[in-house]
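We name chains A, B, ... by the order of the sequence lines, and we start the count at 1 in each one. Computation of the quantities below employed the complete heavy-atom set of this structure, encompassing side-chain atoms and omitting hydrogens, waters and symmetry-equivalent molecules.
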There are 2 protein chains.
Amino acid sequence: MHDISPIRAKSGTNQEGTSAHNRRVMIEALRLNGALSRADLARATQLTKQAVSNIVEDLERDGLVVALDAVRKGRGQPFTPYRLVPEGAFAIGLQIDRHLTRVVVVDLVGKVIARAEAGLPLDEPSAGAKIILSLVDRVRRELASLFAQSERRLVGLGVAMPGPFGLRESDDKWMMPAWQQFPLLETLAAGTGLNVGLQNDAAACATAERIVGAAHGVDHAVCLYVGYGIAAGLILNGELYNGGNGNAGEIGRALLSPAGPGSTPLEHRASLASLYQHLGLDPAERGLYEKLGALALAQDPRVMGWVERAASDLRWSVHLIETIFDPQTVILTSSAPEALARLLLQAMHPLLPSIADRPVRRLPRLQLGTTDPWAIAVGAAAEPISRAFDPRFSAILKAG
Amino acid sequence: MHDISPIRAKSGTNQEGTSAHNRRVMIEALRLNGALSRADLARATQLTKQAVSNIVEDLERDGLVVALDAVRKGRGQPFTPYRLVPEGAFAIGLQIDRHLTRVVVVDLVGKVIARAEAGLPLDEPSAGAKIILSLVDRVRRELASLFAQSERRLVGLGVAMPGPFGLRESDDKWMMPAWQQFPLLETLAAGTGLNVGLQNDAAACATAERIVGAAHGVDHAVCLYVGYGIAAGLILNGELYNGGNGNAGEIGRALLSPAGPGSTPLEHRASLASLYQHLGLDPAERGLYEKLGALALAQDPRVMGWVERAASDLRWSVHLIETIFDPQTVILTSSAPEALARLLLQAMHPLLPSIADRPVRRLPRLQLGTTDPWAIAVGAAAEPISRAFDPRFSAILKAG
DNA sequence: TAATTAAGTCAAGCGAATTGACTTAATAGG
DNA sequence: CCTATTAAGTCAATTCGCTTGACTTAATTA
């Protein structure tokens, strides 16, 4: 009856959706609680013992869970705890940065199995794509040499790169214009035969924090990422939030005051790019990371000057994030050396008053996340894992 | 095995969840598309014709949908469109404001069936609760006089009041401290026998925009509400987002610059409270609404002065909202007279540059929502309707 | 040693979507 | 004008995953 405008509707579901959801719920429960008996799982998920038994049997056959030794505890029959099998699934994560590309393979619980990195030509995406594909190929072969059946257990390729995506061509110097035009995701999908997903750096950080870090099991968390640019990764209702066009959280582009077009974006004052500029360093320089770490440890006055100013802006960013999202916690992550990140964290205190300043809190208002330089690549890899195994609304529906 | 710390897990689902979801999907499809044949529904939801037929038959028996006359169109058997029955469900909405309380009954499609209002004693919540209960009773009896079976079709009571909720006791003059302590929701639940839900003003506005306004069928929208205070109602992934403690979107409390504790909250500069102060008006004054409307129409210079300053701050708020949420559209709503809201909207242009400034847009960056003073009460009532009938993840699970 | 408690299995049942053939009723085309 | 085609919708049988309730197993407690 409507042949012109398509009918808008969510898709329905059926028993397959039910079963898919319940499997995911089991996996999440084991991920969050370590090891559980089938009786525990039944209580926690409100399913019957029988249903849980069947699902666990399935998962065991699929190599995603294993039984541990039976445990005697109090009266009643001893229970058999089950735990996730890390090598039950793998995913590849790819971080594309301005001067470097990193590739990792992670397993079901987010542990890094293999890694590789290489420099990228800034202005030649098709040559860059070849390099990337060869890196992917390398880690993939390494994985295959370590685990039988690894190819069958590879659930996807996650890509993380600096956002925002899909804007009108911009002369913004943070961007890599040549790459913006290049059909990277399609090239990678074709070249690897894997499902490919895309996130920005901060989203990948948040995904990493959720799978292995401070946001593990937290349903409302915001990950403030200070890298070459600045952005926030948003975990809302237990899922990464992407916004209407995949650019949610790009707070680096937020103007710092109501004053108008003349005022400065946050990114120009508090990002590492601004630090490099402040120090007169070349971001492409070799050994930059170690150098920064040393300067931070030594509390170099010029670094401290930047830290003070950046911390003031970041403190206010945390205030805004708390006011707008009401998260359970804010996680500060950075591609900077840990010593520098700690300086920033310290300088951000005391935090500004906000609605997060509640009488009782289970989690700190602000905490330091991982500062491992490989975290973004891990987060990139965690995305396909999450897509494949975490409970989510879209997993129940018949179609995306 | 875990007797100390409770096991964290999402609940599972079963055929009931499947069926509940599919019913909701049908209702949403009819809400968004007007009237659809069973074949249309089957295509749109990806369910089989047979499944749809069964569900529609159920819904028809429950009085939620009706068949229209068969329509001949092209080859094939004529189809029978179905549409929602507005009187298939009702909900009561309650707006508690500082000087006034409004109660409405709305039907399944968000139309107001009955309304009532009264003043409230600011410092005597238990006397206030009695007044509220009598208002609810009045509209409930009016509803019963209009529709048979109305009690059976009443799905809940939604409450909207100024947030934020649950903070440490505060001397903030916008708050109503005596009310913060009072167990209002419990009193209302006990007094009405209905399910009771709570939202802040802005969330209610967003809910109203979603059911009958500019956010109808839009999955990512932010509703910027300028009332006595200022807040944002967040529609993310098609659902209202509440945050970790139900206070998401309370941007009125956002400080306007990184400068520190001395800087001003948005609410002190751009809310109607600030306008009243600017004009030396008493917010409790009778006829204030009309007076403001007249001043706005006359473009009174003192009003225009406030409009300019407020618009500058609100323009920046829109910039922040766009940068942080990447919504499809931002909707400006207000409890002010429409003329004043239009002045504000106008003065907010041109908008600041942001990631929302994309080459192709389906929806405007900023649009005016409803300025009906009853909108918040309608949004309050829409919440139980949405909870009962909209597709959502939590509706599939076995428990909340 | 018997009663109690709890984990887990067995087998039948149920319910909602699926499947595929069938009916109905219209238009398009020769 | 008649037949082929197209599409809506029904019928009846099937499938599949969860539920139910009884039962088994194996520990602790009294």
Side-chain angles (χ1 to χ4, degrees), chain A residues 1-3 7 11-26 35-62 65 67-82 395-399, chain B residues 1-3 7 11-26 35-62 65 67-82 395-399:
Chain A
M1 93 179 252
H2 287 72
D3 16 27
I7 299 173
S11 107
T13 187
N14 55 20
Q15 288 193 58
E16 273 178 63
T18 299
S19 153
H21 172 71
N22 288 346
R23 275 176 68 110
R24 285 166 182 254
V25 165
M26 298 299 152
L36 296 174
S37 68
R38 279 168 284 187
D40 280 332
L41 284 167
R43 277 186 295 267
T45 61
Q46 320 217 35
L47 292 173
T48 58
K49 288 184 294 183
Q50 190 56 56
V52 170
S53 262
N54 296 338
I55 295 167
V56 166
E57 189 183 7
D58 257 36
L59 292 174
E60 192 168 20
R61 185 159 17 77
D62 292 353
V65 307
L68 304 178
D69 290 338
V71 175
R72 292 191 309 240
K73 173 131 183 258
R75 282 187 188 180
Q77 185 174 127
F79 57 85
T80 310
Y82 283 78
I396 289 172
L397 310 183
K398 294 185 79 175
Chain B
M1 96 180 248
H2 287 73
D3 16 28
I7 300 173
S11 107
T13 187
N14 55 19
Q15 288 194 338
E16 273 177 63
T18 299
S19 153
H21 172 71
N22 288 346
R23 276 176 68 109
R24 285 166 183 254
V25 165
M26 299 298 154
L36 295 174
S37 68
R38 278 169 285 187
D40 280 333
L41 284 167
R43 277 186 295 268
T45 61
Q46 319 216 33
L47 293 173
T48 57
K49 288 184 293 184
Q50 190 56 56
V52 170
S53 261
N54 295 337
I55 295 167
V56 166
E57 189 183 8
D58 258 36
L59 292 174
E60 192 169 19
R61 186 160 16 76
D62 291 354
V65 307
L68 305 179
D69 290 339
V71 175
R72 290 191 311 238
K73 173 129 180 258
R75 281 185 188 182
Q77 183 173 130
F79 58 84
T80 310
Y82 282 79
I396 290 172
L397 309 183
K398 294 186 77 175

| query | Okay, side chain of B/T45, backbone of B/L41: is any donor-acceptor separation there less than 3.5 Å? | reply | yes
| said: Can you work out whether A/R38 or B/N54 has the more 5'-proximal nearest nucleotide on DNA chain C? | reply: A/R38
| message | Please report the end-to-end axis angle for the helix from C/dT1-D/dA30 to C/dG30-D/dC1, five pairs per end, rounded to 10 degrees. | response | 0°
| CD of A/E60 versus P of C/dG8: gap in Å, rounded? | 12 Å
| query | Do the side-chain N or O atoms of A/S53 get closer than 4.0 angstrom to the phosphate oxygens (OP1, OP2) of C/dG8? | reply | no
| B/N14: partners by side-chain hydrogen bond (donor to acceptor under 3.5 Å, both in side chains), with sequence neighbours left out | none
| message | Tell me the interatomic distance from A/H21, atom NE2, to D/dC18, atom C1', rounded to whole angstroms. | response | 13 Å
| d(CG, B/L41; C1', D/dA7) in whole Å | 16 Å
| request: Ignoring backbone atoms, establish whether B/N22 has a side-chain N or O less than 4.0 Å from OP1 or OP2 of C/dA16. | output: no
| query | Below 4.0 angstrom from OP1 or OP2 of C/dG8, is there any side-chain N or O of A/T80? | reply | yes
| query | Okay, side chain of A/S11, backbone of A/K398: is any donor-acceptor separation there less than 3.5 Å? | reply | yes
| said: For B/E16, is the CD atom crowded, meaning more than 12 foreign heavy atoms sit under 6.0 Å from it? | reply: no
| Would you say A/N14 reaches C/dT18's phosphate, i.e. side-chain N/O to OP1/OP2 under 4.0 Å? | yes
| note | B/I55 CD1 to C/dG15 C1', in whole Å, measures 13 Å
| request: Taking side-chain hydrogen bond (donor to acceptor under 3.5 Å, both in side chains) as the test, write out the residues that go with B/Q77, two or more places apart. | output: none
| said: Do B/D40 and B/S37 pair up side chain to side chain, a donor and an acceptor below 3.5 Å, judged on atom types alone? | reply: yes
| What's the CG-P distance between A/L36 and C/dA7, to the nearest Å? | 12 Å
| remark: Here the distance between atom C1' of C/dT9 and atom CD of A/E57, to the nearest Å, is 11 Å
| field | Whole angstrom value for the distance that separates C1' of C/dT5 from CZ of A/F79 | value | 14 Å
| Can you list the residues that meet the side-chain hydrogen bond (donor to acceptor under 3.5 Å, both in side chains) rule with A/T18, with sequence neighbours excluded? | B/T18
| said: Please check this pair: side chain of A/T13 against backbone of A/I396, looking for a donor-acceptor N/O pair closer than 3.5 Å. | reply: yes
| said: Counting primed atoms plus P, OP1 and OP2 as sugar-phosphate and everything else as base, spell out the protein contacts along nucleotides 20-30 of chain D at 4.0 Å heavy-atom distance: B, S or - for each nucleotide, 5' to 3'. | reply: B----BBBBS-
| request: Look at A/R43 and C/dA7 and indicate whether a side-chain polar atom (N or O) is within less than 4.0 Å of OP1 or OP2. | output: yes
| said: Without decimals, in angstroms, what is the distance between A/Q15 CD and C/dT19 C1'? | reply: 14 Å
| Sequence-distant partners of B/R23, side-chain hydrogen bond (donor to acceptor under 3.5 Å, both in side chains), two or more places apart | B/D62
